Amino acid sequence: YPSDFKNDFALGTSLNLGTELQFQERIKIHFGYRFFGNVWSSDLTEVDALSGQSNRYEAGLFDLLDPSDRFFGKLENLSLSYSRTDWGVKLGRMGIDSDWINLQDGRLSPTAVEGVNFWLNNSKKFRIEFWGISKISVRGSSKWMSIGESVGVFPVGRDLAGNPSKYFQNTSSDWISVLELSKKWDSYLIKSSVTTVANISNTITLTGEHTFPKQANSWMFGMQLGFQQGLGDGGNKDLNLAYKDPTDRNYAVSFRLGYSKDRFKSNLNLTQMGGKGRWLSPREWGKDAWYTFIPRERNEGFSNLTAVTALISYDFPKAGLSPYINFGFHFLPDLNSAEANKYNMPSYRQINIGLKYDPIRSKRLSIHALVMNKEALNRNELTPNQRYNKVGMIHTNLIVNWNF
């Protein structure tokens with residue numbers, strides 16, 4: 001940050017130990033326990049003096065529920081599965097990768113869920129997958145929580161009146177269901193998902209993609225449609241304590257135009273959001289599904305937005321190197337409107353420059369370096385709260401993974 005803000009750093013490590021036991025060919029027991037350690041860091045419990053806010057990025061490496069805890073662990077995976085060639089079912093604690101509930105975005109601790117997962121494939125490349133979720137361990141935390149308890153672990157932003165939101169530990173929701181359908185044929189892909197959060201919201205997304213192959217290069221066009229509505233009482237009968245206004249009706253549309261040739265890949269993306277109320281999806285549960293997503297930020301909590309992003313990458317297979325760049329402009333609602341802009345976030349420009357290294361001689365090791373910069377599009381008269389944890393920063397990440 002500039003000299004007027006608190007700068008932080010952190011070196012964290014995690015060790016995930018697990019095993020898989022197989023019985024009678026089709027039955028498996030999965031087990032995984034993850035240990036975490038804060039090897040070295042600045043004081044992540046100290047509040048920034050100018051803005052009065054706590055650290056956002058480095059603290060997410062560890063336990064957001066207790067930033068002072070330096071070493072801890074959690075039982076991340078304990079499940080029983082039965083699978084055949086074309087269908088399978090799993091019960092217990094497990095990972096998940098759906099549109100709105102997924103592993104992570106730059107955390108040592110990925111999102112995991114407790115419940116049931118059923119999938120069905122057929123020979124015509126049609127797939128059905130269902131999740132029934134009763135508990136969740138959100139990314140950047142050590143606890144298993146009920147659905148309602150998990151909402152608000154991340155910063156809560158402002159309520160509709162502009163005051164600090166009070167839905168954390170006041171949200172009532174017992175389960176989540178996720179239904180995903182997809183079909184591939186020739187150069188087409190169609191996918192739909194319905195994510196229902198009891199007493200909070202129902203989110204529907206539809207994705208269609210078409211690839212135009214032409215020898216060594218190809219073009220791709222994709223479109224996503226989204227609709228979200230409030231359910232029940234939005235998490236609490238008292239609207240001042242609710243997570244979502246149950247009368248909300250939101251929509252979003254996202255487009256992608258991609259081009260690839262040999263080892264070069266690129267895409268240009270556009271997302272437009274609108275409707276009544278805020279589009280909400282708990283940040284604790286993973287990254288968003290839109291084409292315009294760029295790691296280290298989410299566009300959520302807004303009544304409307306326009307986002308334009310681009311990705312360019314190139315592979316050097318003989319060296320095991322893959323450099324890339326993400327670039328985007330995000331036009332957000334008026335900062336003075338708490339109803340439209342939950343997190344008091346200014347419109348911003350973001351650039352990510354990254355390098356992935358997968359050594360040819362070692363299939364177990366992978367290294368990823370990332371430098372991110374975010375700047376406000378209009379820097380005039382921004383308050384410290386509108387800058388700290390949001391814009392005017394350079395953030396560096398070095399990630400090393402070793403698979404035994």
Side-chain angles (χ1 to χ4, degrees), residues 9-23 25-41 57-58 60-63 69-81 83 88 90 92-98 101-113 117 119 137-142 260 262-265 286-287 293-296 311-326 352-372 395-404:
F9 67 90
L11 173 61
T13 184
S14 72
L15 174 64
N16 186 24
L17 297 177
T19 188
E20 185 178 276
L21 304 176
Q22 184 165 335
F23 304 91
E25 184 179 2
R26 302 186 185 281
I27 300 175
K28 293 181 181 180
I29 295 177
H30 312 264
F31 172 84
Y33 192 91
R34 190 181 293 268
F35 301 87
F36 300 87
N38 181 342
V39 178
W40 184 36
S41 75
Y57 290 99
E58 286 74 21
L61 284 178
F62 310 115
D63 187 0
D69 193 358
R70 298 184 63 87
F71 297 96
F72 57 94
K74 69 177 177 181
L75 182 61
E76 191 171 280
N77 191 347
L78 182 60
S79 58
L80 174 68
S81 67
S83 62
K90 182 183 285 189
R93 295 180 175 180
M94 66 198 90
I96 183 173
D97 190 16
S98 68
I101 307 173
N102 42 68
L103 294 175
Q104 63 174 332
D105 167 30
R107 305 302 197 281
L108 285 174
S109 172
T111 299
V113 298
N117 173 224
W119 58 268
S137 178
V138 303
R139 55 196 184 126
S141 73
S142 62
S260 62
D262 299 325
R263 296 184 294 274
F264 173 81
K265 296 179 181 179
K287 58 187 178 66
F293 171 75
I294 297 180
R296 311 309 286 161
L311 168 66
I312 298 174
S313 65
Y314 194 88
D315 294 333
F316 297 91
K318 293 183 178 180
L321 295 172
S322 300
Y324 67 89
I325 182 170
N326 292 94
N352 288 9
I353 300 175
L355 177 65
K356 296 180 179 180
Y357 176 50
D358 296 303
I360 303 300
R361 296 182 180 180
S362 176
K363 300 300 182 182
R364 300 180 182 274
L365 176 66
S366 65
I367 301 174
H368 184 185
L370 169 65
V371 178
M372 179 269 285
H395 195 263
T396 61
N397 299 258
L398 178 63
I399 305 107
V400 180
N401 288 308
W402 177 269
N403 297 307
F404 294 95

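In this text the structure is predicted, and so the values were computed from the model without any measurement.
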Query raised in the report: Of all heavy-atom pairs between Arg93 and Asn77, which one has the smallest distance, and what is that distance?
Result: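 Closest heavy-atom pair between Arg93 and Asn77: O-OD1, 2.7 Å.
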Query raised in the report: Out of Arg26, Gln22, His30, Lys90, which residue meets the side chain to side chain donor-acceptor pair (under 3.5 Å) rule with Ser81?
Result: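 Result: among Arg26, Gln22, His30, Lys90, His30 is the only option passing the side chain to side chain donor-acceptor pair (under 3.5 Å) with Ser81.
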Any side-chain to backbone donor/acceptor pair from [X] onto [Y]? Under 3.5 Å, distance only.
| X | Y | answer |
| --- | --- | --- |
| Asn352 | Val371 | no |
| Ser141 | Val138 | yes |
| Ser137 | Ala112 | no |
| Arg364 | Trp402 | no |

Query raised in the report: Which of these, Phe62, Phe71, Phe72, sits in a ring pair (Phe, Tyr, Trp, His ring centres under 6.0 Å) with Phe36?
Result: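 Single pass found, and it is Phe72.
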Pairing donors with acceptors under 3.5 angstrom, does anything connect the side chains of [X] and [Y]?
| X | Y | answer |
| --- | --- | --- |
| Asp63 | Ser142 | yes |
| Asn16 | Ser14 | no |
| Lys74 | Ser109 | yes |

Report yes if some heavy atom in the side chain of [X] is under 4.5 Å from a heavy atom in the side chain of [Y]; otherwise report no.
| X | Y | answer |
| --- | --- | --- |
| Leu80 | Lys28 | no |
| Ile325 | Tyr314 | no |
| Leu370 | Arg296 | yes |

Requested in this report: Would you please name every residue forming a ring-ring contact (aromatic ring centres under 6.0 Å, His included) with His395, sequence neighbours left out?
Outcome: Tyr57
**Report entry** Candidates Asp358, Asp315, Leu355 - the one meeting side-chain contact (heavy atoms from CB on, under 4.5 Å) with Ser322
**Finding:**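 Among Asp358, Asp315, Leu355, the one meeting side-chain contact (heavy atoms from CB on, under 4.5 Å) with Ser322 is Asp315.
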Query - All side chain to side chain contact (heavy atoms under 4.5 Å, CB included) counterparts of Ala369, not counting sequence neighbours - result: Leu398
Query raised in the report: Mind checking what makes salt bridge (charged side-chain N to carboxylate O under 4.0 Å, His left out) contact with Glu58, not counting sequence neighbours?
Result: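 For Glu58 there are no salt bridge (charged side-chain N to carboxylate O under 4.0 Å, His left out) partners, ignoring immediate neighbours.
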Query raised in the report: Do the ring centers of Tyr33 and Phe31 come within less than 6.0 Å of each other?
Result: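 Not close enough - the centres of the two rings lie 6.0 Å or further apart.
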Query raised in the report: In Å, rounded to the nearest 0.5 Å, how long is the span from CG of Asn326 to CG of Leu311?
Result: 5.0 Å
